[in-house]
Structures are given as structure tokens and as C-alpha cells.
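Computed from a predicted model, the values in this text were never measured in an experiment. Below, all heavy atoms of this structure are taken into account, side chains as well, without hydrogens, waters or symmetry copies.
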Amino acid sequence: MAARILVVEDNALNMKLVSDLLTLYGFDVLQASTGAYALVLAEEQHPDLILMDIALRGMNGLQVSHLLTQNPNTAGIPIVAVTAYAGERDRQYALESGCVGFIAKPIDTRRFPAQVAQYLKEVSEGASGPAPSAAGC
């Protein structure tokens, strides 16, 4: 069974790129363009991993991540920040909000599916913290 990944992204072009890449590599992709919808989908579908844009309109990705980690029904779902805010402070904020890792935008389309697979592998093995192969970690 393919891993189910929830992509939370409010930019249509970025959503298409990420979703197409993940689908091409055999992942089952769910899409949410708002933080509020991401909260609903995460609780209803319980994905294996959430890829969270930080700069969402309305409720930002850090707020959504925090809410997901505080909800007993979604607290166990690992979240990886995928964002253009790639400074060290931004990484720290993402980790403090509940993200287990960080992938900087623009994504490297050649490496991105492997980065996602590495996070899934670490989660399945019970490891915590950012994946060693992830860009910027």
C-alpha cells in the first residue's frame, strides 16, 4: 500500500509540482490549500506524513502544525515544513511548532521524492528529528 501524504500548499503551481512528483513516485497524495482544510483532512484521512507550507494565507503553517500536534487524533502524524523561509531561525520555529523536519524551497525536483521517502522511513523506524538527507537540515 502506498504511503499517503497530505500536501498543504496554497500556491497552485507549487501544489501541482509537489503532487505530480509524489504521484509519479508512487505516493498517494491528498491536497489542502488552506490550514483549516488541512486540519479536517488530517483528522479524517490520517495520512502517513504531512508536507506543510509555512506561508499559508490566513492560518499559517506553524499555527496549523501546532494545532495538529495538540490534537490527540492527529498528534502522531509527522509534519515536514516545506518552505521558502529557509533561515536557521525559520527551521527552529518549524521544529518548535511540531515539525519533524524541514525542506527548503525551491525544492530540488531530483531529490525531493527521496527526501520524502527518507522521512517516511525514519517515521516507520521510530526515529525522530530531521532526516539527514533533507535539504537544509
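- In this structure, CD in Gln63 is found 10.5 Å from CG in Leu39, a value given to the nearest 0.5 Å.
- Taking each heavy atom of Val80 and Phe102 in turn, the nearest pair found is CG1-N, 3.9 Å.
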Side-chain donor-acceptor contacts of residues 28-35 below 3.5 Å, not counting sequence neighbours, with atom names and distances?
from  : atom 1 : to    : atom 2 : distance (Å)
Asp28 : OD2    : Arg4  : NE     : 3.3
Gln31 : NE2    : Ser19 : OG     : 2.9
Thr34 : OG1    : Tyr37 : N      : 3.0

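- From Met59, atom CE reaches atom NE2 of His66 across 12.0 Å, with rounding to the nearest 0.5 Å.
- For the pair Asp53/Val8, no side-chain contact is recorded, criterion being any heavy-atom separation below 4.5 Å from C-beta on.
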Show me, pair by pair, the donor-acceptor contacts under 3.5 angstrom made by side chains of residues 71-78, not counting sequence neighbours?
from  : atom 1 : to    : atom 2 : distance (Å)
Asn71 : OD1    : Asn73 : N      : 2.8
Asn71 : ND2    : Glu43 : OE1    : 3.2
Asn73 : ND2    : Glu43 : OE2    : 2.7
Thr74 : OG1    : Leu68 : O      : 2.7

- Quick one: do Gln115 and Ile107 satisfy side-chain contact (heavy atoms from CB on, under 4.5 Å)? Show the steps, please. CA-CA 10 Å; Gln115 291 173 300; Ile107 62 169; 5.7 Å; no
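- To the nearest 0.5 Å, atoms CG (Leu21) and OG1 (Thr23) are separated by 9.0 Å.
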- Full working for side-chain contact (heavy atoms from CB on, under 4.5 Å) between Glu122 and Val100: CA-CA 10 Å; Glu122 289 183 3; Val100 299; over 6 Å; no
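- With hydrogens and angles disregarded, no donor-acceptor distance shorter than 3.5 Å links the side chain of Tyr119 to the backbone of Ile79.
- How far CZ of Phe27 is from CG of Leu49: 8.5 Å, rounded to the nearest 0.5 Å.
- Counting heavy atoms from C-beta outward, Gln45 and Leu6 have side chains that stay 4.5 Å or more apart.
- We find the CG-CE distance between Leu62 and Met52 to be 9.0 Å, quoted to the nearest 0.5 Å.
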- Task: Determine, stepwise, if the pair Asn14 / Val7 fulfils side-chain contact (heavy atoms from CB on, under 4.5 Å).
- Result: CA-CA 10 Å; Asn14 289 342; Val7 178; over 6 Å; no
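- Under a hydrophobic clustering in which Ile, Leu, Val, Met, Phe, Trp and Tyr are joined whenever their side-chain heavy atoms come within less than 4.5 Å, directly or via other members, Val18 and Leu13 fall into different clusters.
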- Show the numbers, then the answer: is there a side-chain contact (heavy atoms from CB on, under 4.5 Å) between Glu9 and Val82? CA-CA 9 Å; Glu9 172 65 63; Val82 182; 5.8 Å; no
Which atom pairs, donor and acceptor, lie under 3.5 Å between side-chain atoms of residues 92-99 and protein residues at least two apart or in another chain?
from  : atom 1 : to    : atom 2 : distance (Å)
Gln92 : NE2    : Glu96 : OE2    : 3.3
Ser97 : OG     : Ala94 : O      : 2.9

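- Closest heavy-atom contact between Val64 and Leu56: CG2-CD1, 4.4 Å.
- For the atom pair Ser124 OG and Asp48 CG, the distance stands at 9.5 Å (nearest 0.5 Å).
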